[in-house]
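On a predicted model such as this, the values are computed, not experimentally measured, just so you know.
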Amino acid sequence: MAMNYLHTMVRVSDLDASLDFYCTKLGLVEMRRVDVEKGRFTLVFLAAPGDVDQAKEHQAPLLELTYNWDPETYDGGRNFGHLAFRVDNIYETCDQLMKAGVVINRPPRDGYMAFIRSPDGISIELLQRGEKLDPSEPWMSMENTGSW
C-alpha cells in the first residue's frame, strides 16, 4: 500500500496569535490559506523552512491550522484534529483496512476521502492521490460509524 504523509491538523482559537507563534517565532512558512465561508472556518497550511520547495510540489508534510470563526473551547485534546495520508487507491486501501479489522468511520463515498481511528482514538484522514475515483459500492451506501 503506497502512502505519503500529508499534514497534521490542529485547531487554534486565535489565528493571529497562532501565526505569530508558528511563523514569526518558530519560523514556519505559510504555504496557502483557504477561507470557507459556508463552514465558517479558515485553514492555513504551514511548512518548515527547509521543506518549502518540496511543499510547493506537495512533496513535504504540512501543519494545518484550523480556525473556526465561531468561538469554541477546546478541551480534552479536541484542538488536535487528525493525521492525513495520501493513498494510491482509496477503495483498495479501505478494503485492506476493513479486512484487517479497522473500522472505516467515514467511508470514501466521494471516491476521495475517508477517516479511520487508531487504537488510541487518533483520527486519520486518507485522501485519494490525484483525481477522485468514480463513486462505487459498497462505499456509496456505507454510513458513518462513530466519530472521526
For R40, does its backbone N or O pair with a side-chain atom of D70 as donor and acceptor, under 3.5 Å? no
Determine whether W69 and E37 make a side-chain contact, defined as any pair of heavy atoms from C-beta on separated by less than 4.5 Å. yes
Distance in Å, [X] [atom1] paired with [Y] [atom2], rounded so as to fall on 0.5 Å steps:
| X | Y | atom1 | atom2 | answer |
| --- | --- | --- | --- | --- |
| D35 | F41 | CG | CZ | 9.5 Å |
| I104 | I116 | CD1 | CD1 | 6.0 Å |
| L19 | L46 | CG | CG | 6.5 Å |
| M142 | M140 | CE | CE | 11.5 Å |
| R33 | F45 | CZ | CZ | 12.0 Å |
| S18 | L26 | OG | CG | 12.0 Å |

Is there a path of hydrophobic side-chain contacts, each under 4.5 Å between heavy atoms of I/L/V/M/F/W/Y residues, joining [Y] to [X]?
| X | Y | value |
| --- | --- | --- |
| V36 | L65 | no |
| L63 | V34 | no |
| L83 | M31 | no |
| L43 | V29 | yes |
| Y67 | F21 | yes |

Smallest separation among heavy atoms of [X] and [Y], with atom names:
| X | Y | answer |
| --- | --- | --- |
| A48 | L28 | CA-CD2, 3.5 Å |
| R106 | M113 | NH1-O, 2.6 Å |
| A114 | P107 | CB-C, 4.3 Å |
| I124 | F85 | CG2-CD1, 3.8 Å |

Check: residues 126-139 side-chain donor-acceptor pairs under 3.5 Å, at least two apart:
{"from": "Q128", "atom 1": "OE1", "to": "I90", "atom 2": "N", "distance (Å)": "2.7"}
{"from": "Q128", "atom 1": "NE2", "to": "D88", "atom 2": "O", "distance (Å)": "2.8"}
{"from": "R129", "atom 1": "NE", "to": "D88", "atom 2": "OD1", "distance (Å)": "2.6"}
{"from": "R129", "atom 1": "NH1", "to": "N4", "atom 2": "OD1", "distance (Å)": "3.0"}
{"from": "R129", "atom 1": "NH2", "to": "N4", "atom 2": "OD1", "distance (Å)": "2.5"}
{"from": "R129", "atom 1": "NH2", "to": "D88", "atom 2": "OD1", "distance (Å)": "3.4"}
{"from": "E137", "atom 1": "OE1", "to": "S141", "atom 2": "N", "distance (Å)": "3.2"}
{"from": "E137", "atom 1": "OE1", "to": "S141", "atom 2": "OG", "distance (Å)": "2.9"}
{"from": "E137", "atom 1": "OE2", "to": "S141", "atom 2": "OG", "distance (Å)": "2.7"}

List the atom pairs, with distances to 0.1 Å, where a side-chain N or O of residues 5-17 and a protein N or O form a donor-acceptor pair under 3.5 Å, not counting sequence neighbours.
{"from": "Y5", "atom 1": "OH", "to": "T8", "atom 2": "OG1", "distance (Å)": "2.1"}
{"from": "H7", "atom 1": "NE2", "to": "E64", "atom 2": "OE1", "distance (Å)": "2.9"}
{"from": "H7", "atom 1": "NE2", "to": "H82", "atom 2": "NE2", "distance (Å)": "3.2"}
{"from": "R11", "atom 1": "NH1", "to": "R78", "atom 2": "O", "distance (Å)": "3.0"}
{"from": "D14", "atom 1": "OD1", "to": "D16", "atom 2": "N", "distance (Å)": "3.2"}
{"from": "D14", "atom 1": "OD1", "to": "A17", "atom 2": "N", "distance (Å)": "3.0"}

